[in-house]
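Structure, as structure tokens:
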Amino acid sequence: MPARPVGRNPAPGPFKFDRRRCQRLECSGRRLAVVFAVEGGRNLLPVELLDASTEGLGLRSARPLEADDRVTLYDEGRQTGFVRGRVVRCAEMDGGWRIGVALDRMTIAA
């Protein structure tokens with residue numbers, strides 16, 4: 001499914017009410033998350049992609065995660081191609097939990 005901007009009905013006027021610095025794009029797909037809990041421990045958790053931007057991801061999970069848990073996402077069925085980030089929010093939603101992940105900034109060695 002091609003990515004498309006997440007629609008909102010903004011209030012009329014000159015102000016933008018979405019606090020995000022980057023545009024979010026709706027997306028879909030399944031990933032396998034390796035969760036490194038703040039209090040210790042490591043778990044595998046299948047997640048569904050909801051939206052993405054250059055700085056973060058929106059995921060749906062069957063169980064809640066804690067703020068500051070570290071997450072590494074892998075394409076299902078692959079062992080390469082991963083994304084790392086930190087959980088910044090978690091809220092109950094229909095069908096599970098909506099997880100907000102702030103992506104780590106990757107540095108490239110010269």
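Side chains are part of it too, since the values below use all heavy atoms of this structure and drop only hydrogens, waters and symmetry mates.
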For Leu73 and Leu57, run side chain to side chain contact (heavy atoms under 4.5 Å, CB included): C-alpha distance rounded to whole Å, both residues' side-chain angles, the deciding distance at 0.1 Å, then the answer.
CA-CA 11 Å; Leu73 296 174; Leu57 296 171; 3.4 Å; yes

Between Leu50 and Met93, does the side chain to side chain contact (heavy atoms under 4.5 Å, CB included) criterion hold? Intermediate values first, please.
CA-CA 12 Å; Leu50 299 175; Met93 66 181 294; 4.2 Å; yes

Worked check of salt bridge (charged side-chain N to carboxylate O under 4.0 Å, His left out) between Arg31 and Glu48
CA-CA 6 Å; Arg31 299 291 183 265; Glu48 178 185 344; over 6 Å; no

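Going from atom OH of Tyr74 over to atom CG of Leu44 covers 9.5 Å, rounded to the nearest 0.5 Å. For the atom pair Leu103 CG and Thr54 OG1, the distance stands at 8.5 Å (nearest 0.5 Å). Rounded to the nearest 0.5 angstrom, Leu49 CG and Ser28 OG are separated by 7.5 Å.
Across every non-hydrogen atom of Val47 and Ala33, the tightest pair is CG1-CB, 4.2 Å. In this structure, Val38 and Ala67 approach most closely via the heavy-atom pair CG2-O, 3.6 Å. Nearest heavy atoms, Arg42 versus Phe36: CD-CE2, 3.3 Å.
Contact of the Asp104 side chain with the Arg84 side chain is registered, since non-hydrogen atoms from C-beta on lie closer than 4.5 Å. Looking at heavy atoms from C-beta onward, Val88 lies out of side-chain contact with Val101 at the 4.5 angstrom threshold. Counting only heavy atoms from C-beta outward, the side chains of Val34 and Leu32 never approach each other to under 4.5 Å. Side-chain atoms of Val87 and Glu66, non-hydrogen and from C-beta on, never get closer than 4.5 Å to each other. By the 4.5 Å heavy-atom criterion applied to side chains, Thr72 and Val83 are not counted as neighbours.
For the pair Asp75 and Arg30, the salt-bridge criterion is not met [side-chain N within less than 4.0 Å of a carboxylate O]. Salt-bridge check for Arg86 with Asp68: passed, with a basic side-chain N closer than 4.0 Å to an acidic carboxylate O. Ion pairing between Arg98 and Asp51 holds under the 4.0 Å rule for side-chain N and carboxylate O.
No option in Leu59, Asn43, Ile99 other than Ile99 meets the side chain to side chain contact (heavy atoms under 4.5 Å, CB included) test with Leu65.
Side chain of Ser61 to backbone of Pro64: no donor-acceptor contact under 3.5 angstrom is found.
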